[in-house]
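Just the heavy atoms: all of them, side chains too, but no hydrogens, waters or symmetry mates, feed the values below.
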Amino acid sequence: MPLVGFFDILGTREAVIGGRFSDLTALDFSGPPGLAATVFPSIRVAVFSDSVVVSAEDSDERSFLGAVALMYGQWNADFVLVRGGIATGDIRWVDYKPADEVFSTCRNFVCSRVYGSALVLAYELEQRSGPGAIPFLSELAANILSDLEPNAVLGGIVPMLCWATEREANTLLGYAEVNLEHELNQGAARRHGLATHSYWLQVAAQRKYLAVRQA
């Protein structure tokens with residue numbers, strides 16, 4: 001069954017209104033999915049605004065896990081905080097060669113035709129599972145990824161993906177602790193910070209680390 005991920009930058013609305021969102025933010029966000037698509041050519045990737053869709057077909061779960069780990073590693077290195085939802089099920093990428101060829105030279109038109117029940121579920125997981133820069137999993141996606149790599153899943157009310165190496169996890173735990181010490185606001189940023197810190201504490205306590213990536 002295909003794996004489908006929907007990923008979204010945290011706090012985009014507030015950042016845009018507050019003048020803190022920039023072209024550099026957009027480039028830092030969109031670059032890692034492009035790199036993942038290059039390193040893992042069997043997956044499908046689309047980027048639009050502050051969101052990314054990634055999917056992998058049956059028997060290609062390892063490429064999906066590698067792509068998500070690569071993206072999150074790069075995003076965190078650039079301080080781009082991203083929440084995700086990962087589900088399984090139907091996903092349709094609508095490729096139509098006649099139209100694609102007609103519009104291939106049209107520089108002011110970009111089109112990604114993608115839909116499916118798994119994409120709807122992944123979006124709902126990302127929106128409703130809780131605060132934090134965390135990739136959340138449906139139960140079925142958690143089972144699939146746990147069978148592939150036991151350290152890849154952290155249990156909870158909603159399962160969470162563990163994507164980091166030990167070195168990355170320790171670095172990000174330290175960053176989350178420092179960030180909480182200096183973030184005095186009590187709004188959404190504080191909630192995201194507390195949830196992200198709790199996630200990394202659990203990852204470290206349960207040693208849910210992945211192997212060092214070669215890509």
Common cluster, Val45/Val82, ILVMFWY with side-chain heavy-atom separation under 4.5 Å: yes

Aromatic plane relationship, Tyr123 with Phe6 - under 30° parallel, 30 to 60° tilted, over 60° perpendicular: perpendicular

Point-to-point distance, once rounded to the nearest 0.5 Å, from CD of Glu168 to CG of Leu210: 8.5 Å

Polar side-chain atom of Asp90 near backbone of Ala118 as donor-acceptor pair, under 3.5 Å: no

Distance-only side-chain donor-acceptor flag, Ser42 / Asp60, under 3.5 Å: yes

Any donor-acceptor pair under 3.5 Å from Gln74 side chain to Met71 backbone: no

Pair Glu149-Glu61, side chain to side chain contact (heavy atoms under 4.5 Å, CB included): steps then yes or no: CA-CA 10 Å; Glu149 170 52 68; Glu61 295 90 352; over 6 Å; no

Min side-chain heavy-atom separation Met160-Pro135 under 4.5 Å: no

Atom CZ of Phe48: over 12 foreign heavy atoms under 6.0 Å: yes

Test item: Ser51 side-chain N/O and Val47 main-chain N/O as donor-acceptor pair under 3.5 Å: no

Minimum-distance pair of heavy atoms, taken over all atoms of Lys208 and Pro150: NZ-O, 3.3 Å

Under 3.5 Å: donor-acceptor pair, side chain of Ser198, backbone of Leu194: no

Flag, side chain of Arg83 to backbone of Gly130, donor-acceptor distance under 3.5 Å: yes

Joint cluster assignment, Leu27 & Val52, ILVMFWY side-chain distance < 4.5 Å: no

Single-linkage hydrophobic cluster, 4.5 Å side-chain cutoff, Tyr209 and Leu148 together: yes

Heavy-atom pair of closest approach, residues Val203 and Ala169: CG1-CB, 4.2 Å

Geometric class of the Tyr72/Phe7 ring pair [parallel <30°, tilted 30-60°, perpendicular >60°]: perpendicular

Connected via hydrophobic side-chain network under 4.5 Å: Trp163 and Leu173: yes

Minimum heavy-atom distance Thr196-Gly132, with the two atoms named: OG1-CA, 3.4 Å

Heavy atoms from other residues, nucleotides or ligands near CD1 of Ile157 exceed 12 (cutoff 6.0 Å): no

Trp200 side chain reached by Tyr175 side chain, heavy atoms, under 4.5 Å: no

Minimum-distance pair of heavy atoms, taken over all atoms of Ile91 and Pro2: CG2-CB, 3.9 Å

Minimum-distance pair of heavy atoms, taken over all atoms of Leu154 and Cys162: CB-SG, 3.5 Å

Approximate separation, where rounding is to 0.5 Å, of Ile86 CD1 and Ser55 OG: 12.0 Å

Check ion pair Arg13-Asp50 (N to O, under 4.0 angstrom): no

Derivation of the side chain to side chain contact (heavy atoms under 4.5 Å, CB included) call for Val4 and Val54: CA-CA 6 Å; Val4 179; Val54 179; over 6 Å; no

Flag, side chain of Thr25 to backbone of Phe21, donor-acceptor distance under 3.5 Å: no

Arg113/Asp100 under salt bridge (Lys or Arg N to Asp or Glu O under 4.0 Å): CA gap, chis, key distance, verdict: CA-CA 11 Å; Arg113 310 180 199 95; Asp100 294 339; 2.9 Å; yes

Donor-acceptor contact below 3.5 Å, side chain Asp58 vs main chain Met1: yes

Within the 6.0 Å centroid threshold, strictly below: Phe64 and Phe40: no

Phe29/Asp8 under side chain to side chain contact (heavy atoms under 4.5 Å, CB included): CA gap, chis, key distance, verdict: CA-CA 9 Å; Phe29 177 64; Asp8 190 75; over 6 Å; no

Working for side chain to side chain contact (heavy atoms under 4.5 Å, CB included), residues Leu145 and Leu3: CA-CA 9 Å; Leu145 290 168; Leu3 283 166; 4.0 Å; yes

Taking every non-hydrogen atom, the tightest pair across Leu137 and Leu161: CD1-N, 3.7 Å

From Arg190 atom CZ to Asn179 atom CG, the distance as rounded to the nearest 0.5 Å: 9.0 Å

Separation between OG of Ser63 and CG of Leu70, rounded to the nearest 0.5 Å: 11.5 Å

same_hphob_cluster(Leu172, Val68) at 4.5 Å side-chain heavy-atom cutoff: yes

Pair Glu57 + Arg44, salt bridge at N-O below 4.0 Å: no

Any donor-acceptor N or O pair under 3.5 Å, side chains Asn143, Ser146: no

Rounded distance (nearest 0.5 Å) linking atom CG of Leu81 with atom CG of Asn76: 7.0 Å

Nearest-0.5 Å distance, CG of residue Leu24 to CG of residue Asp78: 7.5 Å

Test salt bridge (Lys or Arg N to Asp or Glu O under 4.0 Å) applied to Arg20 and Glu14, step by step: CA-CA 8 Å; Arg20 300 186 306 278; Glu14 291 78 10; over 6 Å; no

